[in-house]
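All values below were derived from every heavy atom in this structure, side-chain atoms included, with hydrogens, water molecules and symmetry-related copies excluded. Just so it is clear: chains get the letters A, B, ... in the order the sequence lines come, proteins before strands, and each one is counted from 1.
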Number of protein chains: 2
Amino acid sequence: MVVRADLTDYELDRLFHALADTTRRDIVARVMAGEEASVSMLAGRYSMSFAAVQKHVAVLEEAGLVTKYPHGRERIVRGNPQQLARASALLHQLEQLWSARFSQLDAVLAEPPRRKE
Amino acid sequence: MVVRADLTDYELDRLFHALADTTRRDIVARVMAGEEASVSMLAGRYSMSFAAVQKHVAVLEEAGLVTKYPHGRERIVRGNPQQLARASALLHQLEQLWSARFSQLDAVLAEPPRRKE
DNA sequence: ACAATATACAACCATATGGTTGTACGTGCT
DNA sequence: AGCACGTACAACCATATGGTTGTATATTGT
């Protein structure tokens, strides 16, 4: 599963910022799980105004984590797994950075015992 | 590599918020890569005041992404890969949520053709 | 045509954020 | 002892964020 990040610093800022809110993570979870959700349907699930939820969806859209498409008078919110994968890839990259610290040591340990010359 | 998230909503908020800044992601990358870095050494690398970098490190520490330990008059910043893994795990979970949408369909498709009854 | 619904968007407000400068304190070096 | 260095922390400022209410516009159903 090779996913190139390919995002500018600003886009990454937006992406992680979007994930740094409980309501927004919940929305992402719902739409990723396939809940066919209009903005008002989503709004019904949280104890805040419609406008507030509308703003959260806008932040997620700005981050590329969801897209909206019109269906009659409502807007259906759909998850974008690719963008999620990009965020995931960046964290994985950082983890690799860490484990790379030991890769050289690992290599030495994994090396078969050398015969005497 | 099973990593349980095990974090409250608030902690996740702090964690992703900490990652939502270019300077902070850069600091994380450096310390995860093993750069033995005091706060002032880090500060030297960015075009902002020492106090600003100090605040960024504090945000990372609050999020659990780094720890500081005293060494003489300086504080050495060290990366905490476990917390990184937790953030990573959550995103992976959300990705799984997406792919789970097709698992049932996959199962049907993978099913061997049924004999006539 | 009309009422109800879904959305968009602006204005407003309190608080958080990301930066600055200034001051105080502990540690190291000569 | 005295100075330089590294850190801590407070005060301050401009802007961003997360919420509200209110108003306008498009669509649906009767």
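DNA chain D is contacted by no residue of residues 21-28 of chain B, taking any non-hydrogen atom closer than 4.0 Å. Only A:K55, A:H56, listed by number, bring a heavy atom of residues 55-70 of chain A to less than 4.0 angstrom from any atom of DNA chain D.
Through side-chain heavy atoms spaced under 4.5 Å, either directly or across other Ile, Leu, Val, Met, Phe, Trp or Tyr residues, A:Y69 is tied to A:I76.
At a threshold of 4.0 angstrom between heavy atoms, the contacts of B:S40 are confined to the sugar-phosphate backbone, with no base atom among them.
Checked for salt-bridge contact, B:D26 and B:R30 meet the test: a charged N lies under 4.0 Å from a carboxylate O. Of the charged side-chain nitrogens involved, at least one lies within less than 4.0 Å of a carboxylate oxygen, so that B:R45 and B:E35 count as a salt-bridged pair.
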Legend entry - Letter per nucleotide, 5' to 3', of nucleotides 24-29 of chain C [B base touched, S only sugar-phosphate touched, - untouched; heavy atoms, 4.0 Å]: ---BS-

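Partners of B:Q82 under the side chain to side chain donor-acceptor pair (under 3.5 Å) rule, at least two apart in sequence or in another chain, do not exist in this structure.
In the 5' to 3' direction, nucleotides of DNA chain D lying under 4.0 Å from heavy atoms of chain A begin and end at D:dT17 to D:dT28.
Atom-to-atom, CD1 of A:I76 to C1' of C:dT7 comes out at 12 Å; the value is rounded to the nearest Å.
Remark: A:Q54 is in phosphate contact with C:dA8, judged by side-chain N or O atoms under 4.0 Å from OP1 or OP2.
Listed for the A:R24 side chain is a donor-acceptor partner under 3.5 Å among the backbone atoms of A:H17.
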